[in-house]
Novice: 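First the structure, which I've put down as C-alpha cells, then a few questions once you've had a look.
Just so you know, residue 1 is the first one in the sequence shown, and it goes up from there.
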Amino acid sequence: MSEQQEAGTSSRGASRKRPLGRAVLRLLACTAVVVPAVLGGYMPAPASAATASVQVSYRAGGGANGNEYSVSAQVTITSEGANRYRIAGTMYGTCTKASFAPGPEMAVQYGGGRESWKRVKSSCGHGLSGTSTSSAEFTGSGVLDSSREVFVRCGAWGGTISPFGSWGWGDTVRAPV
C-alpha cells in the first residue's frame, strides 16, 4: 500500500475520508434553507378576516286566517381562516296569531355556496292569540367555497289548524366575506 493510500488520498490528491463534522454541518445548513421553503408550499397562508353585515326581512299575512308575520334580522358574517365563516345576529319578530295553529315561529336560514341551508329558529311572540313581539340572538358557522359568499334569508312559520302550517321566506341576500 502506498503512502498516499494510507493517508486516505487517491492518486489525484482528493481525500477519501472526510471528517464527519463537516458533513453534518453541510447537511444542517442545507436543511435550514430547504425545509422552510418546502413546507411553505404546503402550509396555507392565513386569510385575513373579512366581515359583512346584512339585514334581511320577511312580511306576510292579512289573509283569511288573520295571521300576520313581520320578521327581520341583523346579521354579521366573519370569515375565519381560509375556508370557514362564523355568523351572529339578532332576529326580531312581530306576529299576530288569530288561528288555532301552534304559535308562530321565526327563523334565519344561512349557508355557504355549496352548503345546504342551516336554520336557527325561535318563537315569534308569546304564542297566544293576539299580536306580540320578540327577539332572539343566534350564532352559527359553516364552510366557504371558492366564491367566499354566504347566503342569508329570514322567514316565519304559521298555519290555520294544528299541525298544518308552512314556512314563508323573504328575499335571499348574498354576503361576500
Side-chain angles (χ1 to χ4, degrees), residues 36-99 101-160 162-177:
V38 170
L39 290 179
Y42 292 107
M43 296 173 16
S48 59
T51 301
S53 292
V54 297
Q55 180 149 356
V56 290
S57 62
Y58 171 73
R59 297 192 191 337
N65 66 12
N67 294 341
E68 293 186 22
Y69 314 94
S70 177
V71 178
S72 65
Q74 184 64 42
V75 181
T76 301
I77 305 151
T78 305
S79 65
E80 292 185 332
N83 65 348
R84 305 266 322 151
Y85 68 89
R86 179 152 310 280
I87 187 169
T90 305
M91 62 180 120
Y92 307 91
T94 300
C95 295
T96 301
K97 179 184 173 197
S99 66
E105 293 182 338
M106 59 183 174
V108 170
Q109 281 189 322
Y110 64 93
R114 295 189 181 209
E115 291 183 299
S116 298
W117 285 112
K118 298 176 183 183
R119 181 184 307 177
V120 288
K121 61 183 181 176
S122 180
S123 296
C124 186
H126 53 59
L128 304 173
S129 292
T131 300
S132 58
T133 301
S134 61
S135 64
E137 293 183 355
F138 62 90
T139 61
S141 63
V143 178
L144 292 167
D145 67 1
S146 60
S147 72
R148 300 191 61 80
E149 294 177 325
V150 178
F151 299 86
V152 183
R153 66 184 182 178
C154 71
W157 180 93
T160 305
S162 182
F164 303 105
S166 62
W167 283 97
W169 298 103
D171 292 337
T172 300
V173 174
R174 187 174 70 185
V177 289

Novice: Can you tell if the side chain of Tyr110 reaches within under 4.5 Å of the side chain of Phe138, non-hydrogen atoms only?
Specialist: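 No; the side chains remain at least 4.5 Å from each other.
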Novice: How long is the straight-line distance from CD of Glu68 back to NZ of Lys97, given to the nearest 0.5 Å?
Specialist: 15.0 Å
Novice: Where do Asp171 and Arg153 come nearest, in terms of heavy atoms and distance?
Specialist: O-CB, 3.7 Å
Novice: Which heavy atom in Gln55 sits nearest to a heavy atom in Val173, and how many Å separate them?
Specialist: O-CG2, 4.2 Å
Novice: Taking all non-hydrogen atoms of both residues into account, name the closest pair between Ser134 and Ser123 and its distance.
Specialist: OG-O, 3.1 Å
Novice: Are the side chains of Arg84 and Val143 in touch, meaning some heavy atoms are under 4.5 Å apart?
Specialist: yes
Novice: Whether the side chain of Ser135 engages the backbone of Thr90 through a donor-acceptor N/O pair (distance < 3.5 Å, no angle test) should be reported.
Specialist: no
Novice: Nearest 0.5 Å, please: how far is CD1 in Ile77 from CZ in Arg148?
Specialist: 12.5 Å
Novice: Could you list the residues that satisfy side-chain contact (heavy atoms from CB on, under 4.5 Å) with Cys95, not counting sequence neighbours?
Specialist: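 Here the qualifying residues are Tyr69, Pro104, Cys124.
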Novice: Give me the atom names and distance for the closest heavy-atom approach of Gln74 to Ser53.
Specialist: NE2-CB, 4.1 Å
Novice: Is it true that atom CZ of Arg174 has more than 12 heavy atoms of other residues, nucleotides or ligands lying nearer than 6.0 Å?
Specialist: no
Novice: Given 3.5 Å as the limit, does a donor-acceptor pair link the side chain of Ser70 with the main chain of Thr94, or not?
Specialist: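 No; judged by distance alone, with no hydrogens or angles, the pair does not exist.
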Novice: Can any side-chain N or O of Arg59 pair as donor or acceptor with the backbone N or O of Ser72 at less than 3.5 Å?
Specialist: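 Not confirmed, Arg59 side chain does not pair with Ser72 backbone.
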Novice: If only atom types and distance count, is the side chain of Asn67 paired as donor or acceptor with the main-chain N or O of Gly159 below 3.5 Å?
Specialist: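 Flag set: sc Asn67 to bb Gly159 pair under 3.5 Å.
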Novice: Carefully, step by step, assess Lys121 and Trp167 under the rule side chain to side chain contact (heavy atoms under 4.5 Å, CB included).
Specialist: CA-CA 11 Å; Lys121 61 183 181 176; Trp167 283 97; 4.2 Å; yes
Novice: Using every non-hydrogen atom in the two residues, find where Gly125 and Ser132 come nearest and quote the distance to one decimal.
Specialist: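 Distance-wise, the nearest heavy atoms are CA-OG, 2.9 Å.
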Novice: Near Arg119 CZ, under 6.0 Å, is it more than 12 heavy atoms from other residues, nucleotides or ligands?
Specialist: yes
Novice: Are any side-chain N or O atoms of Asn83 and backbone N or O atoms of Leu144, one a donor and one an acceptor, separated by less than 3.5 Å?
Specialist: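 No; judged by distance alone, with no hydrogens or angles, the pair does not exist.
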Novice: Side chains of Phe151 and Glu115, heavy atoms from C-beta outward: is any pair under 4.5 Å?
Specialist: no
Novice: Check Thr172, Val108, Val120 against Cys154 for a side chain to side chain contact (heavy atoms under 4.5 Å, CB included) and give me the one that passes.
Specialist: Val108
Novice: Measure the CH2-CH2 distance between Trp117 and Trp169 for me, rounded to the nearest 0.5 Å.
Specialist: 8.5 Å
Novice: Main chain of Ser141, side chain of Lys118: is a donor-acceptor contact present, judged purely on distance under 3.5 Å?
Specialist: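 The answer is yes, because a donor-acceptor pair under 3.5 Å joins these two groups.
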